Amino acid sequence: MDQELRSRNPKIIACGDINRTIKRFLDELHQARFPGTVPLLLIDLDGPTAKRAAVEAAKGLATHSAHTFWMVHTMEAWFLAHPAVLDGFYGKRVSVHLPSSPPDEVVKPDLELYKATKKAQAEHYNKTAHPPSLLERLSLATLRRVFPDVERLVQKLST
């Protein structure tokens with residue numbers, strides 16, 4: 001994304017599904033495998049922002065909210081916040097087919113992105129193949145502006 005985060009050099013560990021990821025995070029809090037570091041949890045909320053407190057309580061994260069960062073629904077919400085990137089990546093005007101609501105309010109961002117690429121007669125969005133290339137093209141400044149947890153995460157990494 002941007003140099004701002006690269007200079008902090010965080011160690012990113014992919015853990016799989018949400019339950020396994022949370023377990024690994026909680027284990028790391030109680031039995032640090034990386035001494036001198038503070039684990040941060042970055043996960044998909046898989047629903048509207050209003051659902052956040054209930055998910056944190058149900059998953060045992062309420063006391064760890066300062067170290068928990070949500071990508072709102074899924075990474076596709078981040079992609080929807082970058083219409084010009086989508087147009088450039090797909091080589092077609094995908095953006096004219098995106099929902100008009102703010103990306104963090106779109107119920108199924110992955111489905112909306114798939115529908116937009118289909119309507120634009122572009123290569124259909126592929127959840128496995130396309131994200132690595134799309135993530136590299138995103139603007140951190142845009143993500144910070146649109147998604148409050150991205151701003152929180154950058155602030156946390158900057159301290």
Side-chain angles (χ1 to χ4, degrees), residues 1-82 85-86 89 98-99 101-117 124-159:
M1 276 188 263
D2 289 325
Q3 288 293 79
E4 189 170 350
L5 284 182
R6 288 187 196 140
S7 66
R8 298 298 301 172
N9 202 22
K11 180 172 181 58
I12 299 171
I13 302 170
C15 301
D17 69 48
I18 189 170
N19 292 323
R20 189 173 340 158
T21 301
I22 291 170
K23 181 183 180 333
R24 183 120 182 234
F25 167 73
L26 295 173
D27 288 348
E28 183 62 29
L29 282 175
H30 301 299
Q31 194 172 15
R33 287 178 291 210
F34 304 101
T37 65
V38 175
L40 303 176
L41 179 62
L42 176 63
I43 51 179
D44 290 340
L45 183 55
D46 292 329
T49 306
K51 183 178 159 182
R52 178 182 177 158
V55 172
E56 285 179 348
K59 300 288 185 184
L61 296 171
T63 59
H64 306 293
S65 61
H67 295 101
T68 302
F69 301 88
W70 300 92
M71 286 178 42
V72 185
H73 295 293
T74 60
M75 65 185 155
E76 288 82 8
W78 285 10
F79 302 156
L80 296 181
H82 292 82
V85 168
L86 293 172
F89 180 79
L98 296 175
S101 54
D104 61 342
E105 294 178 10
V106 176
V107 176
K108 295 187 183 248
D110 53 344
L111 179 60
E112 292 299 332
L113 184 52
Y114 179 82
K115 290 190 314 190
T117 56
H124 296 177
Y125 174 67
N126 181 301
K127 192 170 183 78
T128 306
H130 297 168
S133 296
L134 286 169
L135 286 167
E136 289 177 352
R137 292 169 167 82
L138 302 184
S139 160
L140 183 57
T142 299
L143 293 173
R144 290 175 78 170
R145 187 181 74 254
V146 177
F147 302 99
D149 267 33
V150 173
E151 176 62 23
R152 283 184 53 239
L153 178 60
V154 170
Q155 291 299 320
K156 187 73 162 179
L157 291 173
S158 299
T159 57

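In this chain, residues are counted from 1 in sequence order. Model, not experiment: these values are computed from the prediction.
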Taking side chain as C-beta onward, heavy atoms only, is [X] less than 4.5 Å from [Y]?
X    : Y    : value
F79  : V85  : no
V150 : R144 : yes
F69  : P148 : no
L29  : P39  : yes
F25  : I43  : no
L113 : L86  : yes

Determine the minimum heavy-atom distance between A57 and A62, stating which atoms define it.
CA-CB, 4.4 Å
For residues F147 and A77, report the shortest heavy-atom separation together with the two atoms involved.
CZ-O, 3.4 Å
Measuring from atom [atom1] of [X] to atom [atom2] of [Y], what distance do you get when rounded to the nearest 0.5 angstrom?
X    : Y    : atom1 : atom2 : value
L134 : N126 : CG    : CG    : 10.5 Å
T117 : H124 : OG1   : NE2   : 5.5 Å
L42  : H67  : CG    : NE2   : 14.0 Å
K51  : W70  : NZ    : CH2   : 8.5 Å
M75  : L138 : CE    : CG    : 10.5 Å

Judged by atom type as modelled, is there a donor-acceptor pair below 3.5 Å linking the side chain of H82 to the main-chain atoms of S139?
yes
Taking it one step at a time, do K156 and L40 satisfy side-chain contact (heavy atoms from CB on, under 4.5 Å)?
CA-CA 9 Å; K156 187 73 162 179; L40 303 176; 4.0 Å; yes
Identify the residue among K23, R24, Q31 that makes a side chain to side chain donor-acceptor pair (under 3.5 Å) with D27.
K23
Side chain to side chain contact (heavy atoms under 4.5 Å, CB included) test vs L80 passes for just one of V106, D110, V146, namely V106
Given the rule in the side-chain contact (heavy atoms from CB on, under 4.5 Å) test, do L157 and V154 qualify, once you have shown the distances and angles that lead to the verdict?
CA-CA 5 Å; L157 291 173; V154 170; 5.8 Å; no
Specify whether F89 and H130 have parallel, tilted or perpendicular ring planes, treating 30° as the upper limit for parallel and 60° as the lower limit for perpendicular.
perpendicular
Audit row: H64, L26, side-chain contact (heavy atoms from CB on, under 4.5 Å) steps and yes/no
CA-CA 9 Å; H64 306 293; L26 295 173; 3.6 Å; yes
When you check the gap from the basic side-chain N to the acidic O, do R152 and D149 get nearer than 4.0 Å?
yes
Output, in order, the C-alpha distance, side-chain angles, deciding distance and verdict of side-chain contact (heavy atoms from CB on, under 4.5 Å) for E76 and E112.
CA-CA 9 Å; E76 288 82 8; E112 292 299 332; over 6 Å; no
